[in-house]
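Worksheet: the structure to be examined is printed underneath.
The residues of the chain are indexed from 1 along the displayed sequence. None of these values were measured; they are calculated from a predicted model.
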Amino acid sequence: MNYDNPRKILSWAEEDRPREKLMLKGRAALSDAELIAILIGSGTTDLTAVDVSKIILQSVGNNLNELAKLSVKDLSKFRGIGEAKGISIVAALELGRRRREQDRPQRTRITCSRDAYEEIRPHLLDKPHEEFWILLLNRANEVLRPVQISAGGVSGTVADPKLIFKQAVENLASSIILVHNHPSENLTPSQADKDLTRKLREGGKLLDIPILDHLIFTDRAYLSFADEGLL
């Protein structure tokens with residue numbers, strides 16, 4: 001892209017300016033870059049806000065899911081994006097994530113591993129570090145609530161069995177589904193994953209709160225211990 005000729009948004013035709021375009025043609029008429037340009041408001045001395053937005057999007061392969069993984073610090077590395085503009089982008093993407101979460105029906109009934117994956121997806125999508133969650137179910141296999149047990153680094157997190165079963169007992173859960181994410185996108189369970197699953201399965205038998213499954217979550221796919229015969 002050639003930036004030798006500076007351009008200001010105010011010099012564009014009115015119908016091509018992002019804010020005016022939204023008012024004239026509606027939000028669906030705007031590109032991703034134009035929507036982000038509205039969030040950041042201004043560019044630099046030689047780049048319009050749309051130019052800056054295109055550069056940011058190109059850095060993540062024009063993938064909004066990848067953009068959502070960037071922190072304020074990551075965004076601030078782009079020329080023309082300070083902390084305030086980075087916060088605006090992160091906040092907007094978080095609102096979108098929460099909207100998806102609220103659109104989901106309450107008390108989802110889990111009938112297969114895919115149901116569990118879709119239920120936990122809003123909570124683990126775009127996470128750059130490992131987190132461990134549980135889905136607490138009633139006797140009808142309906143989700144009572146998802147609970148975050150721990151959050152850790154890029155390569156691991158700790159799941160305390162006492163805390164897991166404490167949550168189950170307090171919420172009167174009849175069964176549990178374990179979930180943790182792999183930011184690396186690797187779906188292969190580690191030996192530690194297998195050992196923890198076995199320990200929790202044995203504890204669940206003693207308390208009559210069975211572990212129905214353990215999912216390894218990535219943004220695009222998952223592995224189910226139950227489906228793979230590992231439970």
Side-chain angles (χ1 to χ4, degrees), residues 1-108 114-115 117-129 131 133 143 145-146 148 151 154 181 183 185 217-222:
M1 188 177 295
N2 185 356
Y3 299 119
D4 292 336
N5 296 317
R7 294 177 300 141
K8 297 291 185 182
I9 285 180
L10 292 178
S11 69
W12 298 7
E14 184 170 328
E15 65 271 17
D16 290 331
R17 302 176 200 163
R19 293 175 188 271
E20 287 78 0
K21 187 175 180 180
L22 187 148
M23 295 300 295
L24 288 170
K25 300 182 179 180
R27 57 193 173 187
L30 275 68
S31 67
D32 292 345
E34 289 170 327
L35 290 170
I36 294 171
I38 291 175
L39 291 173
I40 65 178
S42 61
T44 68
T45 56
D46 60 338
L47 300 176
T48 67
V50 175
D51 292 332
V52 173
S53 300
K54 286 180 178 178
I55 292 170
I56 295 172
L57 284 169
Q58 287 168 3
S59 75
V60 293
N62 293 303
N63 187 318
L64 291 178
N65 288 325
E66 293 300 315
L67 178 61
K69 296 179 181 180
L70 300 185
S71 66
V72 173
K73 184 177 180 181
D74 293 330
L75 290 165
S76 298
K77 294 177 182 177
F78 292 94
R79 189 156 65 96
I81 301 294
E83 184 178 84
K85 292 180 180 180
I87 288 172
S88 294
I89 295 172
V90 169
L93 291 167
E94 176 62 15
L95 279 173
R97 187 193 68 78
R98 294 186 186 187
R99 180 188 175 190
R100 292 197 302 270
E101 182 178 345
Q102 289 181 355
D103 283 344
R104 296 183 61 76
Q106 297 298 310
R107 287 290 173 95
T108 302
R114 170 60 63 172
D115 291 343
Y117 176 74
E118 294 298 337
E119 180 68 19
I120 202 66
R121 196 168 189 268
H123 302 283
L124 282 174
L125 189 66
D126 304 324
K127 297 293 185 180
H129 55 265
E131 295 187 3
W133 286 69
V143 178
R145 58 177 299 206
Q148 184 189 58
V154 173
N181 65 318
E185 304 286 336
F217 176 102
T218 72
D219 288 355
R220 296 178 180 82
Y222 69 94

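- To the nearest 0.5 Å, the span separating NZ on Lys69 from CG on Asn65 amounts to 7.5 Å.
- Smallest separation of non-hydrogen atoms from Gly86 and Leu75: O-CD1, 3.7 Å.
- Put simply, the side chain of Thr44 never gets that close to the backbone of Gly80: no donor and acceptor are under 3.5 Å apart.
- With values rounded to the nearest 0.5 angstrom, Asp219 atom CG is found 4.5 Å from Leu125 atom CG.
- The minimum heavy-atom distance linking Phe78 with Ser59 is given by the pair CZ-OG, 3.2 Å.
- Remark: Leu124 CG to Trp133 CH2 distance equals 6.5 Å, nearest 0.5 Å.
- Shown here are the side chain to side chain donor-acceptor pair (under 3.5 Å) partners of Asp126, two or more places apart in sequence or in another chain: there are none.
- Closest non-hydrogen pair, Ile120 versus Pro146, comes out as CD1-CB, 4.2 Å.
- Side chains of Ile89 and Leu70 form no contact here, defined as non-hydrogen atoms less than 4.5 Å apart.
- Residue Glu34 forms a side-chain hydrogen bond (donor to acceptor under 3.5 Å, both in side chains) with just one option from Lys21, Arg27, Lys54, Arg17, and that option is Lys21.
- Side-chain N or O atoms of Tyr222 include one that pairs as donor or acceptor with a backbone N or O of Arg114 at under 3.5 Å.
- The residues Arg79 and Asp51 are annotated as not salt-bridged, no charged nitrogen and carboxylate oxygen being separated by less than 4.0 angstrom.
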Please report the C-alpha distance between Asp32 and Leu67 in whole Å, then the side-chain angles of each, then the deciding distance to 0.1 Å, and finally whether the side-chain contact (heavy atoms from CB on, under 4.5 Å) criterion is met.
CA-CA 11 Å; Asp32 292 345; Leu67 178 61; over 6 Å; no
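- Contact record, Ala68 with Leu93: CA-CD1, 3.7 Å, taken as the closest heavy-atom pair.
- Using a 4.5 Å heavy-atom threshold, the side chains of Arg220 and Glu185 count as touching.
- Rounded to the nearest 0.5 angstrom, Ile81 CD1 and Ile56 CD1 are separated by 4.0 Å.
- A donor-acceptor pair is defined here as one N or O able to donate and one able to accept, closer than 3.5 Å; no such pair exists between the side chain of Lys85 and the backbone of Gly41.
- Judged as a side-chain contact (heavy atoms from CB on, under 4.5 Å), and not counting sequence neighbours, the contacts of Val72 are Ser76, Glu83, Ile87, Val90.
- Of the inter-residue distances, the one linking Ile36 atom CD1 with Ser88 atom OG reads 12.0 Å to the nearest 0.5 angstrom.
- Legend: residues meeting side-chain contact (heavy atoms from CB on, under 4.5 Å) with Ala28, ordered by chain and number and at least two apart, are absent.
- Taking all atoms of both residues into account, the shortest heavy-atom contact from Ser53 to Ala37 is OG-N, 3.2 Å.
- By the 4.5 Å heavy-atom criterion applied to side chains, Ile38 and Leu30 are counted as neighbours.
- Side-chain atoms of Asn181 come within 3.5 Å of backbone N or O of Glu131 as a donor-acceptor pair.
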